[in-house]
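Since the structure is predicted, the reported quantities are computational estimates derived from the model, not experimental observations. We use all heavy atoms of the structure for the numbers below, so side chains are in, but hydrogens, waters and symmetry mates are not.
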Amino acid sequence: MRTASLASACMGLFVSTSFAQQFEEIGQRALPGVTTTSGSPDVNWILEVNGGGVVLGDFSGTGNLDLVVVDGSTPERVQAGKPGEAPRLMLSQGDGTFALAGEDWDMAGGRWGMGGVAGDLNGDGALDLVVTEWGRDRVFLGGDGFQEVTAGAGLVGSFWGSSAALLDADADGILDLVVVNYLDFDFDQVASRTSGDCTWKGRPVNCGPEGLDAQADQIYRGKGDGTFESFGAGIGFVPRASAFGLGVVTGDFDADGDTDLYITNDSTPNHLWENVVAESGRSFKEVAMRRGVAVDANGREQAGMGVGTGDVDGDGRSDFFVTNFSGENHCLYLSGNRRSYRERSHMTGVAGTSTPLLGWGAGLADLDNDADLDLFAFHGHVYPQADRAGTDTAYGQLDYLMRNTGTLEEPRFAPEPLSARAPSVSRAAAVGDLDGDGDLDLVAVDRGGPVRVLRNELKPSAGSWLGVRLLDRTCANSAGVGARIELDFAVEAGDGGEGSVLTLRREITVSGGFQAGSPAEAHFGLGDLGVPIAGRVYWPSGDREAQDVPGSLLENIGKWNQIERPSK
């Protein structure tokens, strides 16, 4: 019975359907000829699997979202001692299309680029960039162009960095850096598909991660001038070197006023690092198993790849959406009592659709501006051999929008293909309003293929959304990364009953889940809620007292707005 059900599901997941897709693929026009390199199509080594990265942010200071494409390399280039393909900054043209930035923005290639994240590292108001590598992670300061400062940035070691996050871990007003590391890879030590005896469903494949050594994640304290220093042990962040890290998100997951970390791990339990302040000082404590977000509903570890976070059920606490390997369903962890979570993918409609799929870039966002959060996930297998008969999956797979068709208190998700594009091998993805029209668009990377732009064709009305960007001149964290924004709405009760207040919450984060960076902004779909009656900003450092959102901004719906923190 299970076999028949899975086969039927696969037929719907790998061929086109009759859905009127909400997103149009405009990559050929938006980024003509822009592709990434990730080894060969045969994927002989695990190093070739993960693909490149994308980072969205206003690097040029025009108010539009620019795009950094992080590129990879090939085994032949590495073994010949040649650098990999260089990261590229693509400047927004304001309509969802991009043009290559001038030579002032040129970046040299590293060994093998993976992902990245952007934020103001030195307090000058300009957006800076961290690029993760199989090799030495790199730092570029922005402004009128990029200046690489890696040599003096204080980053330690040469590992396989997959994803990165910026957060104010110690509430000093300066962004700190977390690098999520994957595994110890060396061409002379790791077997390839052709030289080893690794198999998957009876077919020779590249080797790993099982049987290879994982690498511990790293955390650095920002010094406010674009440089860092290690403070992992000093702040209690001492990851076990047994987890194959891939994705990361930040947020105030325990609702205590500071920023925590959630990291997805391949074939090992996920990690939740709670930021705790005690008499002995500030420290991180790993509590994923205790909180219920380390494994699936049956207590099994999964191959966590991508991750998104947001308040799905309106209880004031963030939830988690995690994409996993084929044969494992994607997980939706909803917050419960006493800081706990419960895995609710089956009851919310997420599990069945996702079981044959292998997910990467993912997120939670209001993609249809109806005031609740939807899910999106990009898919593609790690083995080209998945196209062989009898695997119950495929190498190229459809990417999915899981639309929230339930209520704010009881979410439920209905899957539909993101676009009319044929199945592909997708990897990193980021979400943002690329054309300034108030609906959220997507950018994604195919493994060793084109960079994709998916334009949202929602065509929202002026009253159906509100955008917020923050400005903090009082500290180096000028975009307010880690801040929480709340908007209150009056809700009428039926049958003449007393009305109530509904609160929507968003956090300013820049970690995009898997090998991606997101813009430091908050997007609210309003649906039929109307104009907010009140709003608050909780800034990420200081006494956590709320700043009231100006009434003029609350009425300025249908636009991107800026809120500045008052001077002390």
Side-chain angles (χ1 to χ4, degrees), residues 55 57-59 61 63 117-130 139-143 147 149 152-155 164-178 219-231 234-235 237 249-253 255-261 275-277 281-284 467-486 505-511 517-522 535-550 553 560-568:
V55 181
D58 182 11
F59 292 91
V117 68
D120 186 0
L121 304 180
N122 57 2
D124 66 353
L127 204 56
D128 309 307
L129 176 68
V130 176
V139 179
F140 299 86
L141 297 184
Q147 175 189 3
V149 296
L155 305 188
L166 291 170
L167 70 159
D168 186 1
D170 51 1
D172 66 351
I174 298 171
L175 289 178
D176 309 305
L177 171 66
V178 170
I219 187 168
Y220 299 94
R221 177 180 178 271
K223 298 168 70 174
D225 58 358
T227 67
F228 299 90
E229 60 185 7
S230 296
F231 72 165
I235 202 169
F237 187 84
V249 287
T250 64
D252 185 6
F253 303 135
D256 66 349
D258 50 30
T259 303
D260 312 300
L261 287 162
N275 195 338
V276 178
V277 179
R282 183 180 297 274
S283 64
F284 277 97
V468 178
R469 297 169 178 138
L470 301 181
L471 176 61
D472 188 348
R473 303 181 193 273
T474 71
C475 65
N477 180 13
S478 60
V481 175
R484 184 174 82 251
I485 302 168
E486 298 181 350
R505 300 170 179 86
R506 302 285 187 268
E507 289 191 50
I508 302 293
T509 64
V510 292
S511 54
S518 298
E521 55 191 32
R536 295 161 297 283
V537 178
Y538 294 88
W539 294 90
S541 59
D543 54 18
R544 301 294 297 185
E545 287 187 5
Q547 173 190 347
D548 290 335
V549 174
L553 184 146
W560 284 99
N561 302 272
Q562 182 173 276
I563 300 176
E564 183 169 352
R565 186 176 191 175
S567 300
K568 296 181 180 178

Would you name the heavy atoms of [X] and [Y] that are closest together and state the gap between them?
{"X": "Ala153", "Y": "Val139", "value": "CB-CG2, 3.8 Å"}
{"X": "Ala520", "Y": "Val510", "value": "CB-CG1, 3.8 Å"}
{"X": "Phe284", "Y": "Asp260", "value": "CE2-CA, 4.5 Å"}
{"X": "Phe228", "Y": "Leu175", "value": "CE2-O, 3.9 Å"}
{"X": "Phe59", "Y": "Ala118", "value": "CZ-CB, 3.6 Å"}
{"X": "Val249", "Y": "Ser511", "value": "CA-OG, 3.4 Å"}

Please report the interatomic distance [atom1]([X]) to [atom2]([Y]), rounded to the nearest 0.5 Å.
{"X": "Arg536", "Y": "Arg505", "atom1": "CZ", "atom2": "CZ", "result": "8.0 Å"}
{"X": "Arg506", "Y": "Ile485", "atom1": "CZ", "atom2": "CD1", "result": "10.0 Å"}
{"X": "Leu553", "Y": "Asp548", "atom1": "CG", "atom2": "CG", "result": "12.0 Å"}
{"X": "Phe231", "Y": "Asp176", "atom1": "CZ", "atom2": "CG", "result": "4.0 Å"}
{"X": "Ile235", "Y": "Asn275", "atom1": "CD1", "atom2": "CG", "result": "6.0 Å"}
{"X": "Ile508", "Y": "Leu470", "atom1": "CD1", "atom2": "CG", "result": "4.5 Å"}

Could you check Leu177 against Leu121 for side-chain contact (heavy atoms from CB on, under 4.5 Å), going step by step and ending with a plain yes or no?
CA-CA 10 Å; Leu177 171 66; Leu121 304 180; over 6 Å; no
Should Glu507 and Arg484 count as an ion pair when the cut-off is N to O under 4.0 Å?
no
Determine, for Asp58 against Arg469, whether the closest basic-nitrogen to carboxylate-oxygen distance falls under 4.0 angstrom.
no
Verify, without hydrogens or angle tests, whether Glu521 (side chain) and Ala479 (backbone) share a donor-acceptor contact under 3.5 angstrom.
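Such a contact is absent between Glu521 side chain and Ala479 backbone.
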Does any non-hydrogen side-chain atom of [Y] lie less than 4.5 Å from one of [X]?
{"X": "Val178", "Y": "Leu167", "result": "yes"}
{"X": "Leu261", "Y": "Phe237", "result": "yes"}
{"X": "Val277", "Y": "Asp256", "result": "no"}

List the steps and the verdict of side-chain contact (heavy atoms from CB on, under 4.5 Å) for Asp120 and Asp128.
CA-CA 5 Å; Asp120 186 0; Asp128 309 307; 3.7 Å; yes
Name the residue from Asp170, Asp258, Asp168 that meets the salt bridge (Lys or Arg N to Asp or Glu O under 4.0 Å) definition with Arg282.
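The passing option is Asp258.
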Under the side-chain contact (heavy atoms from CB on, under 4.5 Å) rule, what do Thr227 and Val149 come out as? Steps first, then yes or no, please.
CA-CA 8 Å; Thr227 67; Val149 296; over 6 Å; no
